[in-house]
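When reading the values below, keep in mind they use all heavy atoms of this one structure, side chains included, and skip hydrogens, waters and symmetry mates.
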Amino acid sequence: MHAEQVLVMLAAATSAGWVDAVVGGGGLIQLPALLLVNPGQPVATALATNKLGSIAGTTSAAIAYARKAKPDVRIAGPAAALAVCCAAGGALCAAAISSDVLKPVIMVVLLAVAALVVLKPDLGRAPRLVLRTRRRIALAIVVPGVAIAFYDGLVGPGTGTFLVIAFTTLLGLDFVDASATSKIINAGTNLGALVVFAAQGHVLWAIGLGMAVCNAVGAQLGARMAISLGAGFVRIVLLCVVAALVLKMGYEQFA
């Protein structure tokens, strides 16, 4: 890569780390940048290198949140352990299943997420008391740790956003604590997918490690801003990310 391309990638990684730390969706910036600066590379290589950058960011954000916010570690621990295995399974299936088949479904889910946040303005603004039955706890572990983790290994866009909404609706967490909890699982999904992609030889280690450092820096800034500015700020960023994801997928699907 030329120096200009490297600078673009590092800037994209920093921005992606910030977005991922606040509400998820950093792949919306980082993955297209990888594909843009090196258009001849296989998609699997871009996905793999994206995961290397992202795992540093999500881990960095998880540490930053743990110091100030209240991640639900009793849920996040088992969910993250499941997420490593299920994201690896998704990555193994990535070559066999076309993401084009899933894009219309993902767009509908994202629109439903946007509608939920808009129509319920109090959602995630403050912690909500919910009765934690065994069924609800099981759902709070299985939905992020199995379903969303598999999706992250298979396709990826919007994983962090889906995790935040899952913890907000299932556990009654506010957006800040939901983001804090989601980063632990997201680190697991990135690890599981990265192990598979690395074993297949898809990772561009040199640029990926540089992106990892920048992603971690952006994640620290994003996590601190989310904690400082609160749930209202996270809600606005969430809606912006969802809108951007829907527009991107709609363009790819119908253009």
Side-chain angles (χ1 to χ4, degrees), residues 20-25 54-55 58-91 93 105-106 108-110 112-117 119-193 195 223 226-227 230-231 234-235 238 241-242:
D20 246 346
V22 176
V23 76
S54 296
I55 192 171
T58 50
T59 303
S60 174
I63 293 169
Y65 274 117
R67 292 172 179 164
K68 299 281 186 175
K70 299 175 182 176
D72 195 324
V73 293
R74 291 175 298 177
I75 298 293
L82 285 171
V84 175
C85 300
C86 294
C93 295
V105 178
I106 299 165
V108 171
V109 174
L110 284 167
V113 166
L116 179 67
V117 175
L119 295 175
K120 290 193 170 185
D122 292 333
L123 180 71
R125 286 190 178 274
R128 187 167 44 87
L129 185 62
V130 297
L131 182 61
R132 294 200 175 191
T133 61
R134 288 184 179 180
R135 180 174 178 273
R136 185 177 288 271
I137 291 172
L139 281 173
I141 293 173
V142 171
V143 171
V146 176
I148 298 177
F150 184 84
Y151 164 78
D152 191 27
L154 182 66
V155 184
T159 296
T161 305
F162 292 142
L163 287 169
V164 169
I165 291 298
F167 290 126
T168 303
T169 54
L170 289 172
L171 298 179
L173 302 181
D174 64 33
F175 280 136
V176 173
D177 290 342
S179 290
T181 307
S182 72
K183 293 301 158 280
I184 300 172
I185 290 87
N186 213 170
T189 66
N190 286 327
L191 176 61
V195 167
I227 293 166
V234 176
R235 180 178 184 271
L238 185 148
V241 168
V242 169

Practice item. Answer with yes or no whether the side chains of T181 and D72 bring together a donor and an acceptor at under 3.5 Å. Key: no

Review point. At their closest point, which heavy atom of T59 faces which heavy atom of I55, and how far apart are they?
Key: OG1-O, 2.7 Å

Check your understanding: Hey, are the side chains of F175 and V23 touching, using non-hydrogen atoms and a 4.5 Å cut-off?
Key -> no

Check your understanding: Y65 side chain to A21 main-chain N or O, any donor-acceptor pair under 3.5 Å?
Key -> yes

Check your understanding: Atom CG in D177, atom NZ in K68: separation rounded to 0.5 Å?
Key -> 14.0 Å

**Study point:** Note, V117 side chain near I165 side chain (heavy atom, < 4.5 Å)
**Key:** yes

**Study point:** Distance-minimising heavy-atom pair for A83 and A149
**Key:** CA-CB, 3.6 Å

Check your understanding: Can you check whether P71 reaches I184 side chain to side chain, under 4.5 Å on heavy atoms?
Key -> yes

Exercise for review: Output the distance between atom OG1 (T159) and atom CZ (F150), rounded to the nearest 0.5 Å.
Suggested key: 12.0 Å

Point to revise | Enclosure of R132 CZ (heavy-atom neighbours >12, cutoff 6.0 Å) | key: yes

Review point. Where the side chain of R128 meets the backbone of G124, is there a donor-acceptor pair that is under 3.5 Å apart?
Key: no

Review point. When rounded to the nearest 0.5 angstrom, what distance separates OG1 in T189 from CG in N186?
Key: 4.0 Å

Review point. What distance separates I75 CD1 from I141 CD1, expressed to the nearest 0.5 Å?
Key: 4.5 Å

Practice item. Show your working on side-chain contact (heavy atoms from CB on, under 4.5 Å) between R136 and L131 and close with a plain yes or no. Key: CA-CA 8 Å; R136 185 177 288 271; L131 182 61; 5.7 Å; no

Exercise for review: Indicate the atoms forming the closest heavy-atom contact of V164 with A178, along with that distance.
Suggested key: O-CB, 3.7 Å

Point to revise | Gap between atom CG of L171 and atom CZ of R74 - 0.5 Å precision | key: 10.0 Å

**Study point:** Minimal non-hydrogen separation, A223 against A61, with atom names
**Key:** CB-O, 4.3 Å

Check your understanding: What closest approach, in Å, do S54 and D20 show between heavy atoms, and which atom pair accounts for it?
Key -> OG-OD2, 4.4 Å

Review point. Distance-only, no hydrogens or angles: does the S179 side chain make a donor-acceptor pair with backbone N or O of V22 under 3.5 Å?
Key: yes

Practice item. For residues V146 and L82, report the shortest heavy-atom separation together with the two atoms involved. Key: CG2-CD1, 4.1 Å

Practice item. Starting at CD1 of I185, measure out to CD1 of I148 and round the result to the nearest 0.5 Å. Key: 9.0 Å

Review point. Charged N to carboxylate O under 4.0 angstrom, D174 versus R235?
Key: no

